[in-house]
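Heads up: the structure comes next, in structure tokens.
Sequence lines set the chain letters: A, B, ... in the order given, protein chains first and strands last, and positions in each chain run from 1.
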Protein chains: 2
Amino acid sequence: MAMVRRGNREERCSVTRERILDTAIGLFSTRGYSGATTREIAQQAGVAEVTLFRHFASKENLLEAVISHYSAIPGLKSFLPRALEMPYEQALIGMADLFLDTLFQLRDWIRIMHAEVQRSPDKLITIYHSFLDELFEIFASYFRELQKRGTLRDFDPDLGARVFHGMFYSFFNMEELLGRRDYRPTDRARAVREFVSLFIHGTLAMRDSR
Amino acid sequence: MAMVRRGNREERCSVTRERILDTAIGLFSTRGYSGATTREIAQQAGVAEVTLFRHFASKENLLEAVISHYSAIPGLKSFLPRALEMPYEQALIGMADLFLDTLFQLRDWIRIMHAEVQRSPDKLITIYHSFLDELFEIFASYFRELQKRGTLRDFDPDLGARVFHGMFYSFFNMEELLGRRDYRPTDRARAVREFVSLFIHGTLAMRDSR
DNA sequence: TGCCAATGCAAGTAAGCGCTTGCATCATAT
DNA sequence: ATATGATGCAAGCGCTTACTTGCATTGGCA
């Protein structure tokens with residue numbers, strides 16, 4: 001086995017830990033929690049099974065570590081001030097792109113959440129809900145500000161956020177979570193543009209030439 | 001154990017089979033395929049475990065039976081001709097309601113698909129993809145017809161279908177799949193109305209008074 | 001009445017699971 | 001140079017799993 005041989009002791013330790021976590025999130029996401037075995041996780045991480053249990057007290061413990069380790073929310077929030085300086089369409093495209101990037105980065109984490117939120121301790125649910133709340137609030141606060149400025153009409157910003165989220169989440173869901181990249185390999189940039197356009201102008205004809 | 005005692009032989013047999021299937025879809029959807037045990041399925045269905053294996057050659061076989069047994073697509077397609085006679089907004093609300101009803105009916109089936117599409121044989125994926133294709137085609141063909149009539153402007157009807165689907169699918173996803181009914185118990189009728197309104201008119205202000 | 005098919009019950013099998021123990025190795029920190 | 005701590009290896013423990021076997025019961029059917 002390829003033991004971690006270099007570096008000082010702390011580093012060696014944390015590198016091993018990270019390798020286990022990296023492998024675990026992948027296997028949990030593809031096989032599910034019950035379907036993934038500690039033997040396979042250890043083997044694929046290139047460590048002995050006993051090492052896995054020296055780092056994590058139990059399999060359940062490992063799952064918790066995986067979930068908290070990869071739940072980091074990215075720079076979507078920091079994009080908001082910049083978005084407010086941009087033209088509406090450009091800002092929405094930027095937000096959509098950043099949102100999709102985020103989803104694709106977190107896809108394994110999201111898969112685990114989806115699969116395990118059922119049989120799960122409240123811990124998972126709480127984490128997932130706060131993740132979603134944060135997400136929605138980013139979108140909603142953007143819409144709220146533009147409504148204050150008079151750029152947007154008077155719709156419910158929270159429901160607007162859900163619509164915006166829904167369009168792109170289900171796109172991601174279809175492209176990534178459903179397992180096959182070769183199913184409807186829709187051009188992402190084109191989809192984003194068309195989605196944003198529909199979100200901005202709606203579907204009705206006869207109001208201007210666009 | 002409450003054996004099935006009445007009815008002729010065929011009926012008795014198919015009733016038992018159905019009871020096993022009913023229990024299985026519930027347990028597969030909450031615990032996942034690996035997490036659900038044949039013991040518990042049999043017990044909860046009120047039959048001996050050995051009876052389960054007399055009806056289904058293996059656990060995998062039972063999963064396949066569950067999936068094909070509950071995959072029926074409902075009356076959304078038959079709504080289309082009627083929708084074409086309605087005013088646009090009313091038709092969209094009707095389609096959205098029917099779509100949501102369908103999703104809530106199929107929620108266990110959908111959960112299983114989501115969880116097992118990963119480690120799965122191509123069978124599952126194929127079934128799920130054709131389910132989605134059928135769904136999208138219903139929406140897209142409706143938009144295509146209205147574009148032909150000049151009611152709708154010239155957007156890509158397939159992407160429009162995905163947006164329409166996405167709004168409501170992610171609503172369903174949040175209300176039902178994420179495990180907790182008490183999270184954002186959004187009023188469904190209001191959400192449908194607002195979603196449809198956004199889909200029709202977009203978000204921009206300053207074009208008419210609505 | 002007598003056969004038969006659907007089911008139950010009890011016991012068991014082989015394999016795999018999460019997890020533990022005891023001991024050896026070896027690079028680093030002192 | 002020695003102690004230490006992270007790791008590997010091999011074996012195994014107790015338990016659960018999917019699945020099987022043999023036999024008894026029961027109700028429908030000829």
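- Atom CD of A/Glu18 is separated from atom P of D/dT7 by 13 Å (rounded to the nearest Å).
- The shortest distance between the side-chain N/O atoms of A/His55 and the OP1/OP2 oxygens of D/dA6 is not below 4.0 Å.
- Relative ring orientation between B/Phe168 and B/Phe195 is described as tilted, the plane-to-plane angle lying within the 30° to 60° band.
- Taking CH2 of A/Trp109 as the start and CZ of A/Phe131 as the end, the distance is 5.0 Å to the nearest 0.5 Å.
- Contact check, A/Thr16 against D/dT7: a side-chain N or O comes under 4.0 Å of OP1 or OP2.
- Look at CZ on B/Arg17: it is 16 Å from C1' on C/dT7, rounded to the nearest Å.
- The distance between atom CD of A/Glu40 and atom C1' of C/dA15, rounded to the nearest whole Å, is 16 Å.
- Taking 4.0 Å as the cut-off between side-chain N and carboxylate O, B/Glu116 and B/Lys123 do not count as a salt-bridged pair.
- A salt bridge links B/Glu60 with B/Arg119; the closest basic N to acidic carboxylate O contact falls under 4.0 Å.
- Residue A/Arg54 contributes atom CZ, which lies 11 Å from atom P of C/dT20 at whole-angstrom precision.
- For B/Arg31 and B/Glu40, the salt-bridge test passes: some basic side-chain N is under 4.0 Å from an acidic carboxylate O.
- What separates CD of A/Gln43 from P of C/dC19 is a distance of 18 Å, to the nearest Å.
- Ranked by how close their nearest DNA chain C nucleotide is to the 5' end, B/Thr51 and A/Gly35 are led by B/Thr51.
- Ring orientation note: the planes of B/Phe143 and B/Phe155 are nearly perpendicular, at an angle over 60° on the 30°/60° scale.
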Q. Could you write nucleotides 14-20 of chain D as a row of B, S and -, 5' to 3', where a protein heavy atom under 4.0 Å of any base atom gives B, of only sugar-phosphate atoms gives S, and otherwise -?
A. ---BSB-

